[in-house]
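Encoded as structure tokens, the structure appears first; notes follow it.
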Amino acid sequence: MPTMKITLPLLCALLSASPAAMAADEIFTRVSLFGVRYEMIIFALMLVGVAIFYNKTRQVAVLGLIALCFFKYEFTDNFSVITKLFGYTNAEGEFVKGSWSTYFNLLLMLPGFAILANVFEHSRFPDLLPKYLPSGLAGAMLLLVMIFILSTFLDNIAAAMIGCTIAAAIFKGKVHIGYVAAICAASNAGGAGSVVGDTTTTLIWIYGKDPLVLAQAFLPAGVALLIVAFFAGRQQQKYAALVTDVPDSVHIDKRKLAVVALILIGAISFNYLFELPAIGIWIAILIGLLFTKINLKAAVDAYDSTIFLVALVFCAELVPIDSVPDASILSTLAIGFVSAVFNNIPLTQLCLLKGGYDWPLISYAVGFGGSMIWFGSSAGVAVCDKFNKARSFMNWLRYGWHIPFAFVIGFGVYLLVLGWDPMKGNPPDQMPEPISYSESIGNAPLHHEADIPVVTEDKAQ
């Protein structure tokens, strides 16, 4: 009887024809594992690495970015970092804008605001502030309210950095991790209802949503702020009480205070006129150098946090999410928790493409929700640059437990007072189909989508 020589190709052919192999083909595909895209797996592993090696976040984020880019170039048709950043022309001949301005702003804003915080600190104004703050819990709470108000017209990074500087002064450098997390939450809450207070709300505004309607996000944000301020204030008072004694020798450096005002004016004006606040910040810094001493080393010290933030945001943008959930109350609540790990800028863009959301509620969800973990928002990265001990993933969750609690309470208050209404705030060409209450809470499948064209990046996505 003749024998059959088993060769490697023949063995592979036999194995590939077996039921087990067919099942394996369904599990392991070119782009997914158990139906989960490999990009998402790489991104999740990077986030785990950030949580474990919180003293090496820059290195972990850069390695994750390199791994994602390698995978995209190898397995995604027509992928290019250049087109991702600077745009491309799609099959219909329309130009799809790139995201270079986002990264340009991030690269220059965090170092610029680090200088802002340093100049503000050396103006001696934070040392004088305790004279005007009430003592005890009320003083700790009032500072968080001040940060909230600042963030309504400043970028949330700037509001957070100013808040950190003041907190370090009035608590003599002993700031509780729970209070650090609360500073981040207060700055994100203030930007949730203001179209100039956060990048996400600015995106929603640019897309055509009514800014006066978006201001309704101040309702849940304000409720959440009061809850966080109370519990974080108690944590801080037990850890280190507010020092109200101010020496008579403290005098404000008016030139440095003028530089602080100039930087803030530059950021706001260039953001409004050109959507490039970073340029306004650095023009103001250069002008300030002409009449007072500015420590530019503060910008160098922010190098680690800047690279980490840029790498994290770009990694989030490379993760393909074929579609976000249909707009509903439950999906909006879930998006709030997702924004704690998935950067809120690309997440907001996906929600805008999907359409049909209650826009003030989604603004609150992606804004305040990012406060639940320190790397969930730019403000969180900024405050951890000032207080490195807050970088611990577990410590942030342990001592900042009041943030997710406040998020859910604020979410519920919004629904009780204003209800779910995705029809409001949309221009006529973006009006979604009305949905029933059962659909809004996820009890029935949705079949309505906003009349908004979805632009795909490439064939694989």
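Residues take their numbers from the sequence shown, with the count starting at 1.
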Residue Tyr73 excluded, over 12 heavy atoms near OH under 6.0 Å | yes

Any chance you could measure Asp385, atom CG, to Phe308, atom CZ, to the nearest 0.5 Å?
-> 11.5 Å

If you look at every heavy atom in Gly288 and Val259, which pair is closest and at what distance?
-> CA-CG2, 3.9 Å

Working for side chain to side chain contact (heavy atoms under 4.5 Å, CB included), residues Phe387 and Cys164 = CA-CA 8 Å; Phe387 299 105; Cys164 286; 3.7 Å; yes

Do the side chain of Trp359 and the main chain of Leu214 share a donor and acceptor less than 3.5 angstrom apart?
-> no

Are any of the side-chain heavy atoms of Leu318 and Leu65 separated by less than 4.5 Å?
-> yes

Checking side-chain contact (heavy atoms from CB on, under 4.5 Å) against Ser101, which of Leu85, Leu106, Leu276 comes through?
-> Leu276

State, to 0.1 Å, how close Ala302 and Ala114 come at their nearest heavy-atom pair, and which atoms those are.
-> CB-CB, 3.9 Å

What orientation do Phe368 and Phe407 show, parallel under 30°, tilted 30 to 60°, or perpendicular over 60°?
-> parallel

Which one of Gln59, Arg58, Lys56 satisfies the side chain to side chain donor-acceptor pair (under 3.5 Å) criterion with Asp304?
-> Arg58

Below 6.0 angstrom between ring centroids: does that apply to Tyr179 and Tyr399?
-> no

Would you name the heavy atoms of Ala382 and Ile157 that are closest together and state the gap between them?
-> CB-CG2, 3.8 Å

If you round to the nearest 0.5 Å, how far is CD1 of Ile177 from CZ of Arg391?
-> 12.5 Å

What are the two closest non-hydrogen atoms of Ala160 and Ile183, and how far apart are they?
-> O-CG2, 3.8 Å

Take Ile362 and Ile204, measure what side chain to side chain contact (heavy atoms under 4.5 Å, CB included) needs, and give me the verdict at the end.
-> CA-CA 10 Å; Ile362 200 72; Ile204 297 173; 4.3 Å; yes

Is any side-chain heavy atom of Tyr88 closer than 4.5 Å to a side-chain heavy atom of Ile82?
-> no

Rounded to the nearest 0.5 Å, what's the gap from CG on Leu68 to CG on Leu63? Could you check?
-> 11.5 Å

Can you name the closest pair of heavy atoms from Gly178 and Gln235 and give their distance?
-> CA-OE1, 3.4 Å

Does Phe405 reach the side chain of Phe231, with side-chain heavy atoms less than 4.5 Å apart?
-> yes

Is there a donor-acceptor pair closer than 3.5 Å between any side-chain N or O of Trp396 and the backbone N or O of Ser371?
-> yes

Separation between CG of Asn118 and CG of Asp301, rounded to the nearest 0.5 Å | 8.5 Å

Within the distance-only criterion (no hydrogens, no angle test), does the side chain of Thr201 pair as donor or acceptor with the backbone N or O of Gly193 below 3.5 angstrom?
-> no

Pairwise side-chain contact, Met146 with Leu133, heavy-atom cut-off 4.5 Å (strictly under) = yes

Would you please test Ile281 and Met109 for side chain to side chain contact (heavy atoms under 4.5 Å, CB included) and show each step?
-> CA-CA 7 Å; Ile281 291 167; Met109 279 175 65; 3.9 Å; yes

Would you confirm whether Lys424, through its side chain, and Asp210, through its main-chain N or O, come within 3.5 Å as a donor-acceptor pair?
-> no

Counting only N and O atoms by type, is there a donor-acceptor contact under 3.5 Å from the side chain of Thr165 to the main-chain atoms of Met161?
-> yes

Counting N and O atoms only, with roles assigned by atom type, does the side chain of Thr152 sit under 3.5 Å from a partner on the main chain of Ile149, one being a donor and the other an acceptor?
-> yes

Gap separating the CZ atom of Phe86 from the OG atom of Ser80, nearest 0.5 angstrom = 10.0 Å

Side-chain touch Phe120/Leu264, heavy atoms, less than 4.5 angstrom = no

Nearest heavy-atom contact between Cys184 and Val383 is CB-CG2, 4.2 Å

Identified side-chain contact (heavy atoms from CB on, under 4.5 Å) counterpart of Tyr414 within the set Ile409, Val223, Asp358 = Asp358

Could you please spell out the steps behind the side chain to side chain contact (heavy atoms under 4.5 Å, CB included) verdict for Phe411 and Leu333?
-> CA-CA 8 Å; Phe411 195 95; Leu333 181 65; 3.8 Å; yes

Does the side chain of Phe113 reach to within under 4.5 Å of the side chain of Ile162, using non-hydrogen atoms?
-> no

SG of Cys351 to CD1 of Ile335, rounded to nearest 0.5 Å, is 3.5 Å

Can you check whether Glu39 reaches Thr76 side chain to side chain, under 4.5 Å on heavy atoms?
-> yes

Which residue, Leu137, Leu144, Leu143, forms the side-chain contact (heavy atoms from CB on, under 4.5 Å) with Met141?
-> Leu137

Checking Ser339 side chain against Gly336 main chain: does a donor-acceptor pair fall under 3.5 Å?
-> yes

Tyr357 side chain near Ser331 side chain, heavy-atom distance below 4.5 Å | yes

